[in-house]
Amino acid sequence: MEGYNHIEIEQKWQKYWEENKCNEVKEDNSFPKEKRIYILDMFPYPSGEGLHVGHPEGYTATDILSRYYRLNGYNVLHPIGFDSFGLPAENYAIKTKIHPSITTEKNIKTFTRQIKSLGFSYDWSRSFSTTDPDYFKWTQWIFLKLFEKGLAYKSKAPINYCPSCKTGVANEEVVDGKCERCGTPVERRLIDQWILKITAYAERLLKDLDLVDWPEDIKIMQRNWIGKSEGATIIFEVDGKDEQIEVFTTRADTLFGATYLVLAPEHPIVERITTESQKSEVERYKKETSNKSDLERTSLNKDKTGAFTGAYAIHPLNGKKIPIYISDYILLQYGTGAIMAVPAHDERDFEFAKKFNLPIIQVVAPELGKEIELKEAFTQQGYSINSAEFSNLTTSECTKRIIEKLTKIGKGKAAVTYKLRDWIFSRQRYWGEPIPIINCPKCGHVPLKESELPLLLPQVESYEPSGDGSSPLAKVTSWVKVKCPICGEDAERETNTMPNWAGSCWYYLRYTDPHNDKEFASLEKQNYWIPVDIYVGGKEHAVLHLLYARFWHKFLFDIGLVNSAEPFIKLRNQGIILGEDNQKMSKSRGNVINPDDIVKEYGADTLRMYEMFMGPLETSKPWNKSSIGGIRRFLEKVYSYFNKVSLDAQNLPPNVEKLFHKTIKKVSEDIESISAYNTAISALMICLNELVKLESIPRKVAQDYIIMLSTFAPHLGEEIWTKVGDGRPIYLPIGTRNPLWPKYDKDKIIDEVVTYAIMVNGKKRATLEIAAGSDKEQVAKESLKQQNVSKYVAEDKIQNIIFVQDKIINFIVK
RNA sequence: GCCGAAGUGGCGGAAUUGGUAGACGCAAGGGACUUAAAAUCCCUCGGUACCUAGUACCGUACCGGUUCAAGUCCGGUCUUCGGCACCA
C-alpha cells in the first residue's frame, strides 16, 4: 500500500457503494420516529456550465450530516434531483434550434457524473427532474387543485413586461426595476395572466415563521416581504357623484389633517370622476406614468408629480370638500390604491403639498396641546390637536376612537393590509409546465381531467416568444385547437406555461414517494419523512422559492394532502465561494474553479474537506489554491500513518487519551451545529498530530478516528477501514450495521491540571499550572511565588483578588 | 434613505459567548536529509523597543463608555457585503 492514489481509491468505493445500493433508503418502521431524519439540499438547476465549486459546499455539509446520522443509527433520507425547467435551455434553443429537452438531458448527465464523482451519499433511486412528465403531471395536478379551490384565477393585471425577453416577469423577479434575467428596464403592460392567491395565506405565512428554526435574517426578510400593516380603511364620498373612494391608512388618528386624496393613476375610478376641464391633463399624466418603468417611477423622484382630477371628496367627519389628485407615488397594488394625504405628518404628502400648494394642517403635536412650526413632516406619535372632539388624545387612543366613530357611521373600519402581492403564475414561454386549462368561449376556463395529465409540451418549430407577448405555444394550432370537454364546441388550450418556481414548490414531497403514479406522494410515505428536518441552500432563495414552497405546502395541508403546517423545520444557508481575487466567480472575470479539475488533481475527499475547512458554512470566503495542498497533505499523513501504525497497544498514554475523547466530543458537536465543520477538521488535525508520535495505538482508537474522518473523506475512510476495521465496509445499506459513531467518556475529558492566567490589575503577568479545583488561597499563594508576579504585587497592598475557578486570578493592587 | 450582516496577523480563520487574542491550516524565512531537486522532518513567524535565555509597551476598523477583566456588552463614527425601496 504505497502512496495515496486518490483516483483508484475513489473509483473503487463509489463503485462499491453503488453496486451494493448502500445509499438507498426504505421506509423501515423498525426505526422509531425520532430516529428518522430528512436532510435536503436545494436541488440544482442543471446549467450548461456544469457544476460550480459552490454546489459541493452545501452538498458536502449535508453529506457529512447524513453520514453522521447514519453512523448514529438513524434512517436518513438524503435525495437529489434537478430543477430543470428554465430560461437558459430555452434561450439556447432559440439560438441553436436544439430542443431544450436535449440540452437539459445532456446537462443533467454532466451534473450527475460530477455529483457522483464527489462521493455524496444520495439515494439516486429517488432522483427525478422537474421536466419529467411523471413529475410535472403532479405539478399540473396541484395547479388544478388550486384552481378548484379558487386560489388560481385569471386576470388582466398590470404586469411587468420585458421588451427584450418579450415576456412578462413577476414583480418578485424584477431587480432594481430591471429584468432579473437580461437587465432591461421593464415596462408596464396589461396582459391576461394566471395569478395565484398567495395573499390569502399572508397571515399564516407570517405567523408560522415562529414555528421554524431558520436564520433570523431570513425570517426578517420574509416578514418584510409580507409586510403586514395594521390600520383602517376610510370611505370618502365623491362630491356630486354617486361614487366612493376607499383609502387605507395606518394613521387614522390624522384624519382631520387630511387635506386632499391621492389615487394611483391606474385606479379605475379616475376615469369616472375626472371633470371635463381636467380630462386632458389627467390623460397626459396617465400616459406619462404608464410609459415609466418601475425604475423611473421610483428613482426619478426628487420632485413629486401628479395631476388634479377636478373632483372633490367629502371628509367623512367634518364634511369639508378636499381635492382629489392622482400621482405615481401611489401604487395600485398596495392597500386600496388610494390614500388620504396628511401633509403635516407624512413626508411624501408634505413634499406633494408643497409642490401643489395644498393646505397643511397639523393634527399631531409632540406635547399635549402645543402646536409646533412645521419645517418638515412630523411623523412621530404624540397628542392629537385640531381634531374636534378627538383632540388631546394620545396617538393610539385617538386612532382607536376615530376608527370606532367611522365604524359606527359606516364610513370605515379597522383593516390590515399586506405588501405581499398575488403571484403572477403564467409565463409566455415554451420551456415550462403547460397550464392544464382549456379556454372555452362559452364555458370559461375548463380544467383538464386528471386522466388527461400530464399535458405534454408540443413540438414547435421555433422557441421564440411572439412579440405580442403570447407564448410560443400559441403558434401550434394543432395543439391549441381543441373541443371543449363540457359543451363540445371549439375551444383553445391555455398557451401560457408555469414559472420555474412551480417545480421547486413541492419536489421535497415527491422524494418520499418518487415513483407513485396514483398520487403525488402517498400520505403514508410522507408521514414517515415530512417535514424536512434540515434544508441547506443559498441565501438568494430567502424570499421567492422559500415563500412559494411554504404557500403550496400550506395549501396542500389545508386540503388534507400533507400533515405538517411547515415544510422545512430547520434551514441553514451556505455562503458564497468567491474567486481567488475575492470577487464573485464568473466566466467574464476568468476566476472560475472547475470542481472536475480539483477532483482529478487532488481527489474528491480533498475537495470536500477543503471546502469545509475554509470557514463556517454560512460565511462567504475566497478560494485559495495553495490551501488545498494543506488538506491534501493532511490526508496523505492520515493514509501513511494508519498504514504503518501498529494496532497492538492496549491503551493510549493518558494525555493522548484525554485529547482523543475531547476530539470525539468536538467533532460530534461541530457536525451537529451544521456550521463549524472547519473547527471539527482542525480538531482531527490536532488529534492526528499527537497520534503520529505513537508507534502503536489500540485498534479501537484507529477505528474511531477513521469513522469520524470518513464523514468528511468517505473514500479514504473506507480504504483505511479495510486495514483497521472489522472486515465489513463502513457504509452499508441502512439497517445492516450497528451504529459505529464513537462515544466519548465524560470522565476522561476532565483536566487534572489547569493553567491559570495570573493577572495584576487586569494585565496578564504570568501563568500557573496547578491541580484543577485548587482553592483561591492556594492559587494566590502559588502565584505570588512567581517573580514576575511578586514584582508587581506587594502583599500588603492587595485590595482585592478576583478568582475564576480553573481560569484566572487577578490581583487588584493600589 | 431604510432593514439585515460583517470588519481579528502576509492569507483563510480560532477564541469554551465577559476570563491567557491569534488554535488549526496556508504562505514566508531558517535548518536537517539529498550529488541536486521534489517529498519529508525540525525550528521561527502580530508590531515596536531593549541589556534579544527574557521583559516591557502597543495591538481584534475608528472614537468613547461600562467592568477587576471587552474581539465579545453599551453609545457614536467609518468601511464592506446582502436585501428592500415613494408601502400610506
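Labels below follow one simple rule: chain letters A, B, ... track the order of the sequence lines, proteins then strands, and each chain is numbered from 1. Basis for what follows: all heavy atoms, side chains included, without hydrogens, waters or symmetry-related copies.
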Q: Give the intermediate values and the outcome of side chain to side chain contact (heavy atoms under 4.5 Å, CB included) for residues A:Gln362 and A:His345.
A: CA-CA 8 Å; A:Gln362 190 182 355; A:His345 306 290; 3.9 Å; yes
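In this structure, A:Arg223 does not reach the B:C84 phosphate: none of its side-chain N or O atoms is under 4.0 Å from OP1 or OP2. Taking 4.0 angstrom as the limit, A:Asn689 places a side-chain polar atom (N or O) nearer than this to OP1 or OP2 of B:G25. Distances shorter than 4.0 Å separate some side-chain N or O of A:Asn788 from OP1 or OP2 on B:A56. Remark: A:Tyr792 is in phosphate contact with B:A56, judged by side-chain N or O atoms under 4.0 Å from OP1 or OP2.
Ranking B:G12, B:G19, B:A27 by closeness to the A:Ser626 side chain, first place goes to B:A27. Of the listed nucleotides (B:C26, B:A88, B:C84), B:C26 has the atom at the smallest distance from the side chain of A:Asn624. Listed nucleotides B:G19, B:A88, B:G25 differ in distance to A:Lys807; the shortest reach to its side chain belongs to B:G19. Looking at the side chain of A:Ser627, the nearest of the listed nucleotides B:C26, B:C68, B:C86 is B:C26. Of the listed nucleotides (B:G12, B:C87, B:A27), B:C87 has the atom at the smallest distance from the side chain of A:Arg348. Set against B:A88, B:U20, B:C3, the side chain of A:Lys764 has B:U20 as its closest nucleotide. For A:Lys791, whose side chain is taken as the heavy atoms from C-beta onward, the closest listed nucleotide among B:U55, B:C24, B:G19 is B:U55. Ranking B:A56, B:C86, B:U20 by closeness to the A:Arg765 side chain, first place goes to B:A56. Set against B:C58, B:C87, B:C26, the side chain of A:Arg421 has B:C87 as its closest nucleotide. Nearest to the side-chain atoms of A:Ile802 among the listed nucleotides B:G4, B:C68, B:G25 stands B:C68.
Both distances falling under 3.5 Å, in either a Watson-Crick or a G-U wobble arrangement, place B:U55 opposite B:A49. Across all strands shown, B:C87 forms no Watson-Crick or G-U wobble pair with both key distances under 3.5 Å. Nucleotide B:G13 forms a pair with no other nucleotide shown, judged by Watson-Crick or G-U wobble geometry with both contacts under 3.5 Å. Across all strands shown, B:C81 forms a Watson-Crick or G-U wobble pair with B:G4, both key distances being under 3.5 Å. Pairing for B:A39 is absent, with no Watson-Crick or G-U wobble pair whose two atom distances lie under 3.5 Å. Look at B:A23: it lacks any Watson-Crick or wobble partner with both distances under 3.5 angstrom.
Remark: aromatic rings of A:Tyr329 and A:Phe352 are close, center separation under 6.0 Å. Ring-centre distance between A:Trp623 and A:Tyr610: below the 6.0 Å cut-off.
B:A15 and B:C24 are spaced 12 Å apart, taking the C1' atom of each and rounding to whole Å. Here, B:G82 and B:U72 have their P atoms 26 Å apart, quoted to the whole Å. A distance of about 24 Å separates the C1' atoms of B:C58 and B:G76, rounded to the whole Å. Nucleotides B:U17 and B:G13 have their P atoms positioned 23 Å apart, rounded to a whole Å. Atom name C1', nucleotides B:A70 and B:G65: the rounded distance is 11 Å, in whole Å. When the P atom is used for both B:C42 and B:G25, the distance is 11 Å, rounded to whole Å. Spacing between B:A27 and B:C45 at atom C1', rounded to whole Å, works out to 11 Å. Taking atom P on both nucleotides, B:G71 is separated from B:G19 by 10 Å, rounded to a whole Å.
Going from atom CD1 of A:Ile686 over to atom C1' of B:U16 covers 14 Å, rounded to whole Å.
The pair A:Glu57-A:Lys621 meets the salt-bridge criterion, with a side-chain N (NZ, NE, NH1 or NH2) lying under 4.0 Å from an Asp/Glu carboxylate O. Taking the charged nitrogens against the carboxylate oxygens, A:Glu216 and A:Arg223 do have a contact shorter than 4.0 Å, which makes a salt bridge. Under 4.0 Å is where a charged nitrogen must lie from a carboxylate oxygen, and between A:Glu618 and A:Arg572 no such pair does.
Counting non-hydrogen atoms under 4.0 angstrom, A:Thr250 reaches the backbone sugars and phosphates but no base.
Note that A:Arg765 lies in the cation-pi zone of A:Tyr792, set by a 6.0 Å cut-off to the ring centre and a 45° limit from the axis.
B:G9 takes the syn form, because its glycosidic angle lies no more than 90° either side of 0.
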